[in-house]
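Per chain, numbering begins at 1; letters A, B, ... match sequence-line order.
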Amino acid sequence: MLAVDVQNLSIQYGKLEAVKGITLQIPRGEVFGFIGPNGAGKSSTIRVLATLQPDYHGFAKVMGFNIRSKPHLVREQIGYVPDFFGVYEDLTAREYLHFFAAAYRLPIAKRKSVVDDVLQLTDLTGKIDSQVDSLSRGMKQRLSLARVLLHDPAVLLLDEPASGLDPRARIEMRELLKALKEMGKTILISSHILHELAQLCTTIGIIEAGRMVAQGSIAEIYQRLGVLKIVHVQVARQTPELIAKLRAVEGVTSVDDQADRISIRFEEGRLEVEDLHDIIHAEGARIRMFQPEVMDMETAFMKLTEGQTA
Amino acid sequence: MQFLQLFSLPLLTKELIEQAQNKRTYILRTLYAAALYVPALLQYHNLNGGGSASGVVNFGQGRNLFLILTLTQAWMILLLLPPITCGALTVEKEKDTLALLLLTKLSPWTIIFEKFLSRIFAMGTYQLLSLPLFAIVYGIGGVELGELIFAIVALISLTMVVGSLSILTSSWFRTTSVAFVMTYLLLLILGSGVVPLTYGIVISLRMRNFPPAPVVTFWDAITDMMMQPQVMSLLGLVILPMLLSIACLFLASKVLIMRAFVPAHNIVLEMFRFADRFFNELNKATTGGIILVPDRISLPHFDPIAWRETQKKSLGTFRYQFRILMLLLAPLILAISAVLTESRTDFTSPFRIFPAFFWVVSVICLTIHATGAIPSERIRQTLDVLLVCPIAPAEIVREKLAGVRRLIMILTVPFAILVLFQAIWSGYVIQGATTWQSANFWLELTTISLATVIYMPVIMWTGFQMGLRMRTQIQAVLSTFAFIGAACALPVILIVSWDNLDLNQNPSLNQAQEPWLIFLMRWLNPLQVLFGTGNLSRGVDPITNTFYVMNPRFAWFVIGVHFAIYGALWWWLRRNAMQSFSRIVRRLEPNPDSMD
């Protein structure tokens, strides 16, 4: 069963169409990274799933419950961390967590142990009696995560949880999310920190101007973007004949003879990187450098998007 | 705007563009025009000949219209200018944009002056609306040109003083709501003490007569001065306010940087904490620190929102609510003691002031508490987090108002003590009372009891609804006060308008001869019910000039209808708040029509 099932979702704010027919399916236990520029429609989509956006068209289900007909059941299944802290600063960490434990109707007898568990998981046990307003940003964000874990939800909706955190807090947050992934939680996370998503997510969706421009596993997206691959080569005895032979290889689309290297573009389906290496070697060239262009999430993001907003 | 840019007033330009784009500017302008033109035209209609006769008969009749116009404008300045000016700098602080402004080449004085000018210009555009009316007044006659100029100068001076005071508080305080309250406090001090005293000194100097002539109120001073357009008064009305305005603006510019980054304080909470320290010290000094009822901090078990509202909010905790109760009870207990020790037979007169005092405190406390229920969640950005919890909307609303409900219970205590004391004491002294006194007494007791039980929840739900719908708490507080003011003032205005239109051909002291519509409007007014119930059951014997019981059943019926209407309003406000909560906060609720 799908944990999240969104079909043809559209959201309109007045004349502005923020989300234009998004479809996404997240199986249970997956970590789905939602990437897109500011104003692309990420937060709006997450708010629909969090039952906080009544005006939408399309169809959305969480853990099999239709959001429009059974939002009260959806709320039992989700843990929502908005893109702001959302903490009561006049409470201590203990009071804050007990407040939400009562709000989620946890049995009184279980509350203390649950609160202790989530505090341990989020490494906040030492801060249990600290006023929330005395906590650092990273601690407040971890406290928000502790809050959403109280009722053991199946799906976590995290709207830019690492936003505004310092490098240490980001690393701690990433480690915490990895732990949640291992616990089998389905996580939908939006972020601008793309390389962190790459380390964490099993699938990603790239959204721009309200439309999903790419969706799938990270490898699938790289493959799709890498239809034309580039390999940078340096050889000891470079000759014009070598360049001509490389241009004649099936699948090679261009060979750029630069001052310090040869840049070879080829179609990945017709020629493998390893075969290209063998062909150069077979021509008697002594290879000093053989470097396929590394595509990271930033490159993928830049290739897929044009910086547009809805 | 290009013209202003020539003089390099970028902040003023920006402010004026923003005002021009803001819908509120036009709404206020329309309200201002309505407040001026409706009473003025009614007064004009009521001139000799009912406005339809030849204009000749109206010559020299403009004085009343002139007074109405001037005083209405003075009130409008006092009511409108602080709300539009107090946010001038506090909004910049709240949005963290003041630092950016201070980093520019604009000096603090320029920032203050341009902000001040932008508000004065806005108020000036409102005041320009009165020019055609002043022209009519002058055309009708009865007012000299000097008086007309004098009135206009007085209004400009008032605008300057109110505007500069508002800018000063805006520069000093962190939040708009505190600046707003402090502006009115300063105006009250100025109006009730400083201006009359200064005027008295000016008059005394002129008359060479010490000590200063007593002047009762600010309005007496203004009216008196308007009637005596002397050079000295003109100087007093122009030079002193201008000096005061310049001083306020200068002070505002001096404190702008110093107070730019002060953290937000909960002034109510700080006041209560100060009182805590004081009482703790007092307790240590007197009893050695014995605490009869220690504070118990427990964790929430079943109603977490109600727990936070009653245990963690400054106005919601029992300790602070008890302080409010003591504040209300102390003077009442003193008055009761005085009555008991003097063995007075008049058991109502010493307590006349208390219902008004209790009501003022109750309205302020309830409004501030109820309007903050939702805006406080919005400001802390905790509303979304709360809304995704599996709690029904009606439950959220009910729990959010738990602290206010307890405050109502606390506030009813002084009313109950007052009612009970009067009821018990009357048993001893009522034997000598007239039949009217006896009948009226029980009617008044019932009225005050019902008012406590019904009006307070109406205020609570009105405040909550305003807070739910407005962006900020200050808007909600002002709207709630406006609603309460309208409920009290509208019937009066309608009655006055009715009388002015001369439709009531036989005005009489006796309500039995009043048109039923006028009668209904009169008794819809909560103020009339709270403080004029006695008029309902009595008639005046024209020969002996004594009261007699007119129709007690009718009086009970009228009071019953009044409270039935307000009870229905309570029910509707409550039901509407529960039902519309999710829609307004944009939370999805189950829709049985949608397919799974």
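The two residues B:P304 and A:A103 come nearest to each other via the heavy atoms CG-N, 3.5 Å. Considering all non-hydrogen atoms of both residues, A:F99 and B:R308 come closest at CE1-CB, 3.9 Å.
The distance from atom CZ of A:R47 to atom CG of B:L387, rounded to the nearest 0.5 Å, is 8.5 Å. Taking CD of A:Q53 as the start and CG of B:L588 as the end, the distance is 8.0 Å to the nearest 0.5 Å. The CG atom of B:L299 lies 10.5 Å from the CG atom of A:L97; values are rounded to the nearest 0.5 Å. Taking OH of A:Y104 as the start and CD1 of B:I391 as the end, the distance is 8.5 Å to the nearest 0.5 Å. Atoms CD and NZ, on A:E95 and B:K312 in that order, are 3.5 Å from each other to the nearest 0.5 Å. Note that CZ of A:R147 is 7.0 Å distant from SG of B:C389, once rounded to the nearest 0.5 Å.
Heavy atoms closer than 4.5 Å to chain A are found in both the backbone and the side chain of B:E589. Neither the backbone nor the side chain of A:F65 comes within contact range of chain B; no heavy atom of the residue lies under 4.5 Å from a heavy atom of that chain. Contacts between A:L91 and chain B at a heavy-atom distance below 4.5 Å involve the side chain alone, from C-beta outward. With a 4.5 Å cut-off on non-hydrogen atoms, B:L383 does not touch chain A at all. Looking at A:I108, the atoms closer than 4.5 Å to chain B (heavy atoms on both sides) all sit in the side chain, from C-beta outward.
More than 12 heavy atoms of other shown residues, nucleotides or ligands fall within 6.0 angstrom of atom CD in A:Q131. Residue B:K14 places its NZ atom among more than 12 non-hydrogen atoms of other residues, nucleotides or ligands, all under 6.0 Å distant. Within 6.0 Å of atom CZ in B:F322, 12 or fewer heavy atoms from other residues, nucleotides or ligands are found, so the atom counts as exposed in its surroundings. By the neighbour-count criterion of 12 heavy atoms within 6.0 Å, atom NZ of A:K140 is densely surrounded, having more than that number from other residues, nucleotides or ligands.
Side-chain contact check for B:P590 versus A:S69: every heavy-atom pair is 4.5 Å or farther apart. A heavy-atom distance below 4.5 Å is not found between the side chains of A:L52 and B:R586.
Residue with the most contacts toward chain B among A:V81, A:L73, A:D55, A:V148: A:D55 (heavy-atom pairs, distance under 4.5 Å). In terms of heavy-atom pairs under 4.5 angstrom with chain A, the leader among B:D303, B:I305, B:T382 is B:T382. Interface check for chain B: of the options A:R75, A:H72, A:R105, the most heavy-atom pairs under 4.5 Å are formed by A:R75.
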Checklist entry - Passes side chain to side chain contact (heavy atoms under 4.5 Å, CB included), B:V385 versus A:F100? Steps please. => result CA-CA 10 Å; B:V385 170; A:F100 282 98; 3.3 Å; yes
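A donor-acceptor contact shorter than 3.5 Å links the side chain of A:R111 to the backbone of B:H301.
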